[in-house]
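Since the structure comes first, as structure tokens, the remarks are kept for the end.
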Amino acid sequence: MSDPSSSPEPKLSKAFSSELIKDCIIHSNVKQEVIIVTSDRLELCLRKHLDSVAAKGAWITPASLFITFVATLCASTFHNAFGLSAAVWEAMFILLSLASAIWLACAIWRAKNIRTSLETLIKEVKKISDMRVEQDQ
């Protein structure tokens, strides 16, 4: 076996390092936080987060329907069609407008009450991993 201290590589490395360090300012920011969690628990957290993100935008569909139904009520003169009288058509659009208004109100209320962010997701993953560490002790 050869002695590693006799090879030229460590001498070159030391010379290079000392020359590099002499003229450099080094800033160190290597603090790390490691989270260990199983894939099924991570998947559970991610699914919950994605559901929350989707719920924040769930008001768009009922808002679109509500605007459409109200615009139809404002701009249309209903006539007899497909075996239904004009009054029935108008009543259906009024009921659809009311139903979409209720749906919109519920969707806005849910979206307003959802607190989700990347920080929330990370806290949830940490909480699950912290619970696991506490159980092991």
Side-chain angles (χ1 to χ4, degrees):
M1 291 189 140
S2 66
D3 184 18
S5 62
S6 64
S7 72
E9 289 178 11
K11 292 178 187 175
L12 179 63
S13 178
K14 286 181 184 178
F16 180 71
S17 296
S18 64
E19 192 65 32
L20 183 66
I21 291 174
K22 186 178 4 174
D23 296 327
C24 288
I25 298 173
I26 299 173
H27 299 279
S28 176
N29 185 8
V30 292
K31 181 180 175 186
Q32 295 291 319
E33 184 174 0
V34 178
I35 303 169
I36 300 173
V37 66
T38 61
S39 62
D40 62 327
R41 295 203 182 222
L42 180 60
E43 183 179 353
L44 181 67
C45 285
L46 290 173
R47 286 186 188 274
K48 185 177 176 183
H49 179 72
L50 286 175
D51 289 344
S52 297
V53 170
K56 278 192 158 268
W59 62 270
I60 295 170
T61 301
S64 300
L65 289 173
F66 178 71
I67 291 168
T68 302
F69 292 140
V70 169
T72 302
L73 282 170
C74 293
S76 296
T77 304
F78 293 97
H79 302 285
N80 298 339
F82 302 112
L84 297 174
S85 68
V88 172
W89 280 109
E90 188 173 4
M92 283 181 14
F93 273 87
I94 290 171
L95 290 175
L96 289 170
S97 297
L98 289 174
S100 62
I102 293 168
W103 183 16
L104 176 60
C106 292
I108 289 173
W109 183 80
R110 277 193 301 264
K112 182 181 172 191
N113 290 326
I114 290 175
R115 304 282 184 242
T116 189
S117 65
L118 288 177
E119 291 83 18
T120 306
L121 173 62
I122 292 170
K123 284 179 186 177
E124 187 69 24
V125 171
K126 285 180 182 179
K127 182 173 79 171
I128 288 175
S129 63
D130 289 344
M131 289 178 1
R132 178 73 178 145
V133 170
E134 289 173 5
Q135 290 173 355
D136 289 344
Q137 293 176 353

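W109 and W103 are members of different hydrophobic clusters when ILVMFWY side chains are connected at heavy-atom separations under 4.5 Å. By the criterion of side-chain heavy atoms lying less than 4.5 angstrom apart, applied directly or through intervening Ile, Leu, Val, Met, Phe, Trp or Tyr residues, L96 is grouped together with I94 in one hydrophobic cluster. By the criterion of side-chain heavy atoms lying less than 4.5 angstrom apart, applied directly or through intervening Ile, Leu, Val, Met, Phe, Trp or Tyr residues, W89 is grouped together with L65 in one hydrophobic cluster. Note: the hydrophobic cluster containing V125 also contains I122 (ILVMFWY, side chain heavy atoms under 4.5 Å, direct or indirect links).
The NE2 atom of H49 sits 7.5 Å away from the OG atom of S117 when rounded to the nearest 0.5 Å. The line from CD1 of I67 to OG1 of T72 is 11.5 Å long, rounded to the nearest 0.5 Å. A distance of 12.5 Å separates NZ of K56 from CD1 of I108, quoted to the nearest 0.5 Å. Going from atom CD of E90 over to atom OG of S85 covers 10.0 Å, rounded to the nearest 0.5 Å. Atom CG of residue D51 and atom OG1 of residue T116 lie 10.0 Å apart, to the nearest 0.5 angstrom.
Between E119 and K123 there is no salt bridge, since no side-chain nitrogen of the basic residue lies less than 4.0 Å from a carboxylate oxygen of the acidic one.
Under the 3.5 Å distance criterion, with hydrogens and angles disregarded, no donor-acceptor pair is assigned to the side chains of T61 and S64.
Using a 30° and 60° split on the angle between ring planes, F93 and F69 fall in the perpendicular class, above 60°.
The side-chain heavy atoms of F66 and I102, taken from C-beta on, include no pair separated by under 4.5 Å. The side-chain heavy atoms of L121 and L46, taken from C-beta on, include a pair separated by under 4.5 Å. You'll find the side chain of K48 reaches within 4.5 Å of the side chain of E124, heavy atoms only.
When every heavy atom of A107 is checked against every heavy atom of A58, the shortest pair comes out as CB-O, 4.0 Å. The two residues A55 and A111 come nearest to each other via the heavy atoms O-CB, 3.8 Å.
Looking only at distances, a side-chain donor or acceptor of S100 sits under 3.5 Å from a matching main-chain atom of S97.
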